[in-house]
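To keep things clear, I will list the structure first and then write my remarks on it.
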Amino acid sequence: MDICWIELVHSLGFGMFISKVDICAEEICVCLYEFYRSFKDYLHSHIPCRRRDVLVLTPWLAPIVWEGTFNRDILNAQYMQKKLVTGVVTFAVKKYVQFIEGFMSSANKYFLAGHQVIFYLFTDNPEQIPHIQMAPENHLFVIPVQNHSRWQDISMSRMDIISRYIRSQFQYEVHYLYSIDIDVQLFEHIGVEIIDALVGTISSWQYTARRESKSYETRTESQAAIPKGEGDFYYTASFYGGSVAEVYKLTRTCFKGVMKDRENGIEARWHDESHLNKYLLYHKPTRLLSPEYYWDEELSRPRIIQVKRMCSVRKNSKK
């Protein structure tokens with residue numbers, strides 16, 4: 001028996017108690033030691049090892065989710081007890097209807113598998129939606145939406161549409177809501193490790209860039225402008241979400257910024273994504289998803305990306 005365990009008992013203030021009940025301090029130390037060994041074995045068997053090759057915690061103490069930083073079995077059990085419903089919003093307008101089947105088939109299989117998910121598909125061509133056999137716990141709602149002549153306007157209008165539907169419909173149907181681009185496919189499970197109040201995904205193009213090299217809007221005339229020297233991560237607008245209340249505040253604020261810019265005759269550098277990054281700079285996300293959760297297939301895969309859960313679909317951008 002190591003003497004340090006006896007010292008530990010006394011340092012914690014149990015020495016007086018032990019003497020009063022006439023129990024041998026050494027026996028107590030043995031019990032504590034056995035408990036410690038059992039608990040350590042439990043941790044090693046149930047909790048993955050901490051990743052040492054990547055950043056797993058932000059300066060404001062929000063977790064950054066990577067492969068090997070969570071135990072999905074434990075998280076699934078906690079999530080099931082709460083009986084939560086998660087919504088997914090995606091837009092397929094004009095030629096992007098061609099990506100519906102690939103996205104829906106893969107998301108139906110890999111997104112929060114085994115949990116109730118409602119997919120809200122906004123499209124200007126409802127009649128072109130292919131038949132998709134949904135998992136028993138999942139539901140798909142097709143919602144007609146007006147298109148725009150420019151893809152930039154389509155992109156920026158999403159914030160307005162999401163906020164309006166949250167107020168009129170989504171808040172009564174789901175607890176959490178995530179916006180995902182339609183031109184992606186899921187290749188691995190995306191589970192309840194993504195669930196939190198406000199969630200942003202670190203851009204696969206920007207995760208190693210220095211602050212001054214990130215693609216922030218810097219023109220002070222824009223509502224999306226981020227002052228020089230500020231900023232932490234660069235977030236993609238292809239995958240973000242959180243609680244319905246937080247997503248409503250995010251989308252409402254971003255759309256107000258878009259409209260203010262339009263009044264002033266300016267368009268943010270990366271449109272709604274620039275406004276998203278401005279919002280998340282001053283309203284810190286409570287959880288960040290690593291680039292594993294949205295990887296651009298035009299990039300080579302570095303060693304730290306152990307799994308590509310969701311990837312952009314290769315396409316001819318000119319078309």
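Residue numbers run from 1 in the order of the sequence given. Quantities reported herein were computed from a predicted structural model and do not represent experimental measurements.
Note: the hydrophobic cluster containing Val117 also contains Leu75 (ILVMFWY, side chain heavy atoms under 4.5 Å, direct or indirect links). Hydrophobic clustering of Ile, Leu, Val, Met, Phe, Trp and Tyr side chains at less than 4.5 Å, counting indirect connections, unites Leu198 with Trp60. Cluster annotation: Met310 and Val307 are assigned to distinct hydrophobic clusters (Ile/Leu/Val/Met/Phe/Trp/Tyr, side-chain heavy-atom contacts under 4.5 Å, transitive). No path of Ile, Leu, Val, Met, Phe, Trp and Tyr side chains, each step under 4.5 Å between heavy atoms, connects Leu177 with Tyr172, placing them in separate hydrophobic clusters. Linking ILVMFWY side-chain heavy atoms closer than 4.5 Å, directly or via other members, places Phe91 and Ile118 in a single hydrophobic cluster.
Residues Thr58 and Leu288 form a side-chain contact, since some pair of their non-hydrogen atoms from C-beta on lies under 4.5 Å apart. At a threshold of 4.5 Å between non-hydrogen side-chain atoms, the residues Ile305 and Pro291 count as touching. Counting heavy atoms from C-beta outward, Leu281 and Asn277 have side chains that stay 4.5 Å or more apart. The shortest side-chain heavy-atom distance between Val89 and Phe170 falls under the 4.5 Å cut-off.
Classification of the Phe233-Tyr235 ring pair by plane angle, with boundaries at 30° and 60°, yields tilted. Relative ring orientation between Phe119 and Phe103 is described as perpendicular, the plane-to-plane angle rising above 60° on a 0-90° scale split at 30° and 60°.
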Where do His275 and Val258 land on the side-chain contact (heavy atoms from CB on, under 4.5 Å) test, with the steps shown first?
-> CA-CA 7 Å; His275 291 275; Val258 169; 3.6 Å; yes

In sequence, state the C-alpha distance, the side-chain angles, and the governing distance for Val145 and Ile161, and then conclude on side-chain contact (heavy atoms from CB on, under 4.5 Å).
-> CA-CA 9 Å; Val145 67; Ile161 294 171; 3.4 Å; yes

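With hydrogens and angles ignored, the 3.5 Å screen pairs a side-chain donor or acceptor of Glu273 with a backbone N or O of Ala237. Of the possible polar contacts, none joining the Tyr248 side chain to the Gln171 backbone as a donor-acceptor pair under 3.5 Å is found. For Thr201 (side chain) and Phe239 (main-chain N/O), a donor-acceptor pair under 3.5 Å exists by modelled atom type. Side-chain atoms of Asp181 do not come within 3.5 Å of backbone N or O of Asp183 as any donor-acceptor pair. At distances below 3.5 Å, not a single donor-acceptor pair connects side-chain atoms of Arg269 with backbone N or O atoms of Ala225.
Among pairs with a residue in residues 185-196, those fulfilling salt bridge (Lys or Arg N to Asp or Glu O under 4.0 Å) read Arg72-Glu193, Asp196-Arg287, at least two apart in sequence or across chains. Residue pairs satisfying the salt bridge (Lys or Arg N to Asp or Glu O under 4.0 Å) criterion with at least one member in residues 107-132, sequence neighbours excluded, are absent.
The aromatic ring centroids of Tyr120 and Tyr165 lie 6.0 Å or more from each other. Taking the six-membered ring for Trp and the full ring otherwise, Phe187 and Tyr110 have centroids separated by 6.0 Å or more.
Contact detail for Pro227 and Tyr282: the closest heavy-atom pair is CD-OH, 3.5 Å.
At a threshold of 4.0 Å, the pair Asp261-Arg219 does not count as salt-bridged, since none of the basic side-chain nitrogens sits closer than that to a carboxylate oxygen. Ionic pairing of Lys284 and Asp232 is present here: one or more N-O contacts between side-chain nitrogen and carboxylate oxygen are shorter than 4.0 angstrom.
With hydrogens and angles left out, the side-chain atoms of Tyr79 and Thr86 include a donor and acceptor closer than 3.5 Å.
In Met80, the CE atom is not crowded: 12 or fewer heavy atoms of neighbouring residues, nucleotides or ligands sit closer than 6.0 Å.
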